[in-house]
Protein chains: 2
Amino acid sequence: MVVVERKSKEERLTAVLDAALVEFGTKGYHGGSTEEIARQAGISQPYVFRLFGTKRDLFEALVNRCFSETLEMFERAADGLRGREALDAIGAAYMEQLLTDELRLRAQMQAYSACDDPEICAAVRRGYGELVSFAERVSGVEPAEISSFFAKGMLLNVIASMGLTPTDMAAGGVAAEPWAIRLLEGCRPPS
Amino acid sequence: MVVVERKSKEERLTAVLDAALVEFGTKGYHGGSTEEIARQAGISQPYVFRLFGTKRDLFEALVNRCFSETLEMFERAADGLRGREALDAIGAAYMEQLLTDELRLRAQMQAYSACDDPEICAAVRRGYGELVSFAERVSGVEPAEISSFFAKGMLLNVIASMGLTPTDMAAGGVAAEPWAIRLLEGCRPPS
DNA sequence: CTACTTTGTGATTCATCACTTACCTCCAAG
DNA sequence: CTTGGAGGTAAGTGATGAATCACAAAGTAG
């Protein structure tokens with residue numbers, strides 16, 4: 001038997017969720033394998049099931065964590081601000097994720113794409129609804145502005161999925177597609 | 001042997017692509033099965049491979065068809081128009097898809113989500129780039145406006161994925177989430 | 001009629017994967 | 001010191017799914 005490093009359940013839970021973010025974020029719900037998640041988390045595959053029950057429950061837990069972390073990020077970014085300024089601050093923070101947290105943007109796309117599963121869809125709607133409600137509440141602007149705000153967010157998600165972020169292009173050693181650069185430039189708030 | 005209804009290769013190709021749109025559009029690249037696609041297309045599973053080579057080639061063919069149909073839709077909508085008017089017309093046509101062609105919006109999301117595969121990613125970028133270039137060329141507006149235009153499109157894709165279109169809500173017999181209604185309202189061009 | 005091409009299938013292979021069962025090993029409380 | 005629970009695994013199981021192979025039947029040209 002391999003040497004066992006005993007850790008607390010909590011530590012394992014977050015380790016598995018961290019690994020799941022990578023695996024599901026890149027390959028999606030159906031494409032990601034629990035075996036790979038277990039390996040990346042440093043535990044055996046059966047233990048993943050002991051901790052989370054089913055693959056779906058694990059994915060759902062990941063979705064919930066992602067949305068709640070994003071909501072916290074919104075709150076931090078908007079702290080002390082109201083109205084349009086709050087919205088701009090959140091938008092800037094979201095754009096930063098393109099550079100720092102691209103995987104989370106991709107994972108969100110995977111969550112939307114996994115919405116053929118009713119339970120996952122319910123979790124996604126709940127999370128998204130909380131983000132929208134928060135943005136509405138903290139900014140107080142009219143629907144059209146809220147829509148553009150979230151629309152830009154979704155465009156950033158898509159750009160991250162296509163691997164067109166500055167980080168990706170630099171890593172690939174490839175010159176970014178010019179149209180993609182213009183799209184990204186156009187997302188910047190008018191300053 | 002079951003009675004064989006011989007059809008032309010072309011007919012089978014489009015039948016398979018139609019079935020693939022449904023299967024991949026709802027379950028995604030990894031989640032969709034070639035067996036199910038074959039069944040929906042009314043042929044045997046091996047023949048799918050005879051026609052398309054591999055599952056990936058089939059998915060790629062679907063992506064290409066989707067993007068080129070969308071480009072045609074852009075061209076039709078913008079016919080005879082220039083500048084902002086052209087963009088508004090395309091936007092209106094795109095919004096209509098929420099009601100008439102929701103599956104195609106979902107399929108686009110699945111295409112973005114399948115971008116961990118380099119070949120699929122290349123096809124997606126090519127298709128997306130053509131849409132952006134066309135919109136830029138026909139409208140001639142500045143980057144910020146192009147970005148908002150595509151951003152709104154992506155938001156509609158996400159809303160379709162989450163099953164929050166008017167059609168879905170009516171079909172489910174459920175009242176739509178209020179925040180989702182506001183988001184959709186906010187997408188309408190200011191008229 | 002014969003030979004060849006096109007359209008098609010049944011049966012199978014081989015890998016992967018979600019999930020289970022049965023077990024092991026620490027460690028702390030009585 | 002022993003017992004019981006919490007943290008963990010090795011070894012399977014059954015299903016599914018992509019891809020292959022060998023073969024069949026329907027047209028078609030000579």
Side-chain angles (χ1 to χ4, degrees), chain A residues 1-63 110 114 116-120, chain B residues 1-63 110 114 116-120:
Chain A
M1 179 111 90
V2 168
V3 172
V4 183
E5 287 263 343
R6 281 170 77 104
K7 303 232 175 134
S8 79
K9 199 170 195 168
E10 298 309 313
E11 270 180 289
R12 296 303 194 191
L13 286 172
T14 70
V16 170
L17 285 174
D18 290 344
L21 176 68
V22 177
E23 179 74 357
F24 287 138
T26 61
K27 304 192 201 158
Y29 173 55
H30 294 285
S33 105
T34 57
E35 187 116 31
E36 181 60 25
I37 290 170
R39 184 161 39 243
Q40 290 302 320
I43 61 174
S44 69
Q45 187 253 18
Y47 198 37
V48 171
F49 284 82
R50 184 96 132 210
L51 292 171
F52 284 94
T54 67
K55 188 188 189 185
R56 184 168 53 193
D57 288 344
L58 168 56
F59 191 85
E60 220 179 301
L62 178 65
V63 167
Q110 299 293 357
D116 59 304
D117 181 298
E119 296 191 35
I120 292 175
Chain B
M1 179 112 92
V2 169
V3 173
V4 183
E5 287 265 341
R6 279 171 79 105
K7 304 235 174 128
S8 80
K9 199 170 193 166
E10 298 309 313
E11 271 180 289
R12 296 303 193 189
L13 286 172
T14 69
V16 170
L17 284 174
D18 290 344
L21 176 67
V22 177
E23 180 73 358
F24 287 138
T26 60
K27 304 192 202 160
Y29 173 53
H30 294 285
S33 105
T34 58
E35 187 117 29
E36 180 60 23
I37 290 170
R39 184 160 40 243
Q40 290 302 320
I43 62 174
S44 69
Q45 185 255 14
Y47 198 38
V48 171
F49 284 83
R50 181 93 134 211
L51 291 171
F52 284 93
T54 67
K55 188 189 188 186
R56 186 170 50 194
D57 289 342
L58 169 57
F59 191 84
E60 221 179 301
L62 177 66
V63 166
Q110 300 292 357
D116 60 304
D117 181 298
E119 296 192 37
I120 292 175

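Sequence lines set the chain letters: A, B, ... in the order given, protein chains first and strands last, and positions in each chain run from 1. Just so it is clear, the values below take in all heavy atoms, side chains as well, and ignore hydrogens, waters and symmetry mates.
Among the heavy atoms of the strands, none lies under 4.0 Å from B/Gly53.
In this structure, A/Asp57 atom CG and C/dA18 atom C1' are separated by 13 Å, rounded to whole Å. Regarding B/Phe49, its CZ atom lies at a distance of 14 Å from the C1' atom of C/dT12, rounded to whole Å. Summarising the geometry, the separation between NZ on B/Lys9 and C1' on C/dG8 is reported as 12 Å, rounded to the nearest angstrom. Whole-Å rounding puts the A/His30 NE2 to D/dT16 P distance at 15 Å. Nucleotide C/dG8 holds its P atom 9 Å from the CD atom of B/Glu11, rounded to whole Å. Following rounding to the nearest Å, B/Glu36 (CD) and D/dG17 (C1') show an atom-to-atom distance of 13 Å. The distance from atom CD of B/Glu5 to atom C1' of C/dG8 is 12 Å, rounded to the nearest whole Å. One can place CD of B/Glu35 at 14 Å from C1' of D/dT20, the figure rounded to the nearest angstrom.
Positionally, the nearest nucleotide of DNA chain D for A/Lys7 lies more toward the 5' end than for the other of B/Gly31 and A/Lys7. The residue among B/Arg56 and A/Ser44 whose nearest nucleotide of DNA chain D lies closer to the 5′ end is A/Ser44.
Rounded to the nearest 0.5 Å, atoms CZ (A/Phe24) and NZ (A/Lys55) are 5.5 Å apart.
Of the candidate nucleotides C/dT21, C/dT9, D/dA18, C/dT21 has the atom lying nearest to any side-chain atom of A/Pro46. Of the candidates D/dG8, C/dG8, C/dA18, the closest approach to any side-chain atom of B/Arg50 belongs to C/dG8. In this structure, of C/dC19, D/dG17, C/dA18, it is C/dA18 that holds the atom nearest to the side chain of A/Thr34.
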Under the side chain to side chain contact (heavy atoms under 4.5 Å, CB included) rule, what do B/Glu60 and B/Glu119 come out as? Steps first, then yes or no, please.
CA-CA 8 Å; B/Glu60 221 179 301; B/Glu119 296 192 37; 3.7 Å; yes
Stepwise side chain to side chain contact (heavy atoms under 4.5 Å, CB included) check, A/Phe52 with A/Thr34
CA-CA 11 Å; A/Phe52 284 94; A/Thr34 57; over 6 Å; no
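Between B/Arg39 and B/Glu35 no salt bridge is recorded (no basic side-chain N to carboxylate O distance below 4.0 Å).
Results of the side chain to side chain contact (heavy atoms under 4.5 Å, CB included) test with A/Leu51 over A/Ile43, A/Leu17, A/Leu58 single out A/Ile43 as the only residue that passes.
The base of C/dC19 sits within donor-acceptor range of the side chain of A/Gln45, with an N or O pair under 3.5 Å. Interface remark: the B/Arg6 side chain does not form any donor-acceptor pair with the D/dG27 base, using a distance-only criterion of under 3.5 Å.
The side chain of A/Tyr47 places no N or O atom within less than 4.0 Å of a non-bridging phosphate oxygen (OP1 or OP2) of D/dT9.
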